[in-house]
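Only one structure is covered here, and it is reproduced in the block below.
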Amino acid sequence: MSTKNALRTIDMIRCAGNAAKAYLAAKHAAWDAHDQYGAAQAQLHHSHDLIHARGGSDCGSPTNPALLSAVQEHQEAEHTVGKAERRLQRAAITVQAHRPTLNRYPTGPIRRRATAMLLDRLADHPVDLIRAADLIIIQTSSGKDSIVAMHRTVAAAKAAGCLYKVRVMHCDLGSEWPGVPELARRQAERYGIPFLLVTPNGGFLGMVEKRQMWPDAKRRLCTSALKRDPTGPVITTWVRELGLDRQAYVLNVMGVRGAESASRARKTRLALDPRTTSANRLVLTWNIIHGLSEQEVWQDITSNGLEYHPIYDTGLERLSCVYCVLAGPEWLILATRVCFALELPHPQTFAELERRIGHSFKQDFTLNAIIAAARMLDALDGPITWRRGDAVRRHLGPVAADQYLALTR
Ligand code: SF4
């Protein structure tokens with residue numbers, strides 16, 4: 001099966017899934033409408049009996065107040081019956097419209113298995129995938145995994161002769177380490193790819209201030225509201241600019257690795273993004289470095305002389321927000337000591353916000369406690385220091401670090 005046919009089939013299976021959902025919803029709506037119709041009919045009979053009991057007829061003109069109210073009740077019941085009848089008819093038509101579609105397509109588990117199999121095959125042939133795509137978006141955090149994901153995507157796009165399809169996007173939350181957006185731009189410029197900087201309204205601290213709460217692992221609003229949600233409108237704009245008269249195929253590249261966590265290990269190399277996919281675009285999330293280990297990521301960075309953020313040299317393993325709600329206490333303490341060494345205002349800014357909203361940064365401890373621990377360690381051991389290339393030295397040894405420094409001098 002050709003790559004384009006596989007993409008079309010994936011979309012057809014998606015449409016079949018939507019039709020099955022619509023059929024189920026229409027069936028529920030028909031049952032509801034049927035119940036409402038029955039209740040309205042019962043009310044109509046009741047009001048009819050009432051009129052006769054009060055000595056009138058449902059079409060005659062009422063002469064006393066009791067009869068008048070019974071007639072009004074009867075008219076309202078007639079109106080309700082009419083409405084319920086129309087709703088029931090509409091629901092029945094929808095059910096009929098979806099029934100043949102549903103009968104033509106396989107069940108949910110078969111649909112999911114077929115989609116997974118097609119996606120897996122597509123992921124095996126990145127160059128073909130890129131040729132079939134209309135737009136390739138690299139979402140970069142500027143971190144080490146994003147750099148390698150970008151490098152590998154660009155290499156595959158060049159091999160396919162399709163570098164013109166690639167664009168880079170970075171969301172600046174305003175709470176990351178200094179120099180992150182600038183680094184993202186430089187990384188894109190290295191390959192001559194268009195770069196878009198997105199700055200969500202209020203950023204991370206604005207969102208916390210507004211909600212009067214820090215996000216946590218269960219409610220990661222920082223990633224959903226500040227990183228994922230702004231992506232949809234950007235894709236809409238870029239797809240519109242393509243001016244296609246058919247559905248666009250969009251690859252959304254992310255630097256997600258399976259080795260990072262159990263939940264990331266469950267992700268696949270290529271996945272359908274049902275949230276941003278629509279009739280005019282099929283969006284696939286491409287975790288192009290899903291199978292790489294941390295060691296392999298550093299190997300790629302070193303052998304290709306890719307510029308990484310100096311924060312990795314301090315011993316921090318992630319280029320996240322200065323204070324990440326997912327980080328453990330040891331990383332938060334180290335981040336605080338790095339802030340002290342760089343004379344950054346973040347510890348004070350975050351701790352003040354924590355005091356103001358009265359909600360602890362983490363369930364088990366406050367940022368104040370983290371800052372106190374960092375001060376104590378600085379007092380005992382002195383401020384922390386680091387050298388350029390320490391991240392490579394730590395992961396690959398001194399020889400690799402020397403090679404990297406020679407390559408990036
Ligand atoms: S780095 Fe941490 S705090 Fe910042 S957006 Fe990501 S999950 Fe949220």
Side-chain angles (χ1 to χ4, degrees), residues 138-147 149 169-184 187 197-232 234 252-267 285 287 294 297 308-312 314-336 338-339 344-354 356-357 359-367 370-371 391:
I138 302 173
Q139 289 210 42
T140 179
S141 67
S142 300
K144 63 183 191 309
D145 297 328
S146 291
I147 312 171
M169 174 183 162
H170 172 74
C171 280
D172 179 10
L173 307 191
S175 48
E176 295 97 341
W177 292 98
V180 167
E182 293 80 1
L183 176 59
Q187 287 163 352
L197 183 68
V198 179
T199 45
N201 215 359
F204 178 81
L205 293 179
M207 185 197 74
V208 173
E209 184 99 55
K210 197 168 156 200
R211 292 180 67 236
Q212 300 281 294
M213 265 178 96
W214 301 98
D216 56 32
K218 283 197 192 122
R219 291 167 296 264
R220 264 173 77 175
L221 273 181
C222 43
T223 43
S224 56
L226 301 178
K227 287 188 173 179
R228 195 187 59 208
D229 292 354
T231 311
V234 172
N252 192 16
V253 178
M254 314 277 274
V256 166
R257 288 187 303 111
E260 284 179 287
S261 67
S263 68
R264 292 192 166 197
R266 283 193 293 276
K267 291 184 189 290
T285 304
N287 298 319
E294 193 171 19
V297 165
Y308 67 83
H309 196 283
I311 211 68
Y312 287 109
T314 68
L316 286 164
E317 296 291 1
R318 288 186 65 233
L319 182 63
S320 58
C321 295
V322 171
Y323 286 117
C324 172
V325 291
L326 304 180
E330 70 275 33
W331 297 113
L332 295 171
I333 291 171
L334 179 55
T336 310
V338 173
C339 287
L344 295 176
H346 296 74
Q348 202 184 343
T349 310
F350 276 68
E352 269 170 16
L353 180 58
E354 184 182 57
R356 214 164 45 243
I357 65 173
H359 182 238
S360 171
F361 183 75
K362 298 280 271 190
Q363 205 182 348
D364 306 335
F365 50 85
T366 63
L367 271 180
I370 292 290
I371 294 167

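Remember, it's 1-based here, ligands and their atoms both numbered in the order they're listed. Because only heavy atoms are used, hydrogens play no part in the values below, and waters and symmetry mates are left out as well, while side chains stay in.
Other residues, nucleotides and ligands contribute only 12 or fewer heavy atoms inside 6.0 Å of the CD atom of Gln348.
Sorted by first and then second residue, the salt bridge (charged side-chain N to carboxylate O under 4.0 Å, His left out) pairs involving residues 314-326 (not counting sequence neighbours) are Glu317-Arg394. Within the structure, the salt bridge (charged side-chain N to carboxylate O under 4.0 Å, His left out) test picks out no pair touching residues 319-331 (sequence neighbours left out).
Each of Leu221, Leu226, Asp172 was evaluated against Phe204; a single residue qualifies, Leu226, per the side-chain contact (heavy atoms from CB on, under 4.5 Å) test.
With sequence neighbours excluded, no residue forms a salt bridge (charged side-chain N to carboxylate O under 4.0 Å, His left out) with Glu354.
Atoms of the protein (N, O or S only) found under 2.8 Å from atom 4 (Fe) of ligand 1 are Cys321 SG.
A parallel orientation is assigned to the rings of Phe350 and Trp214, their planes being inclined by less than 30° (bins at 30° and 60°).
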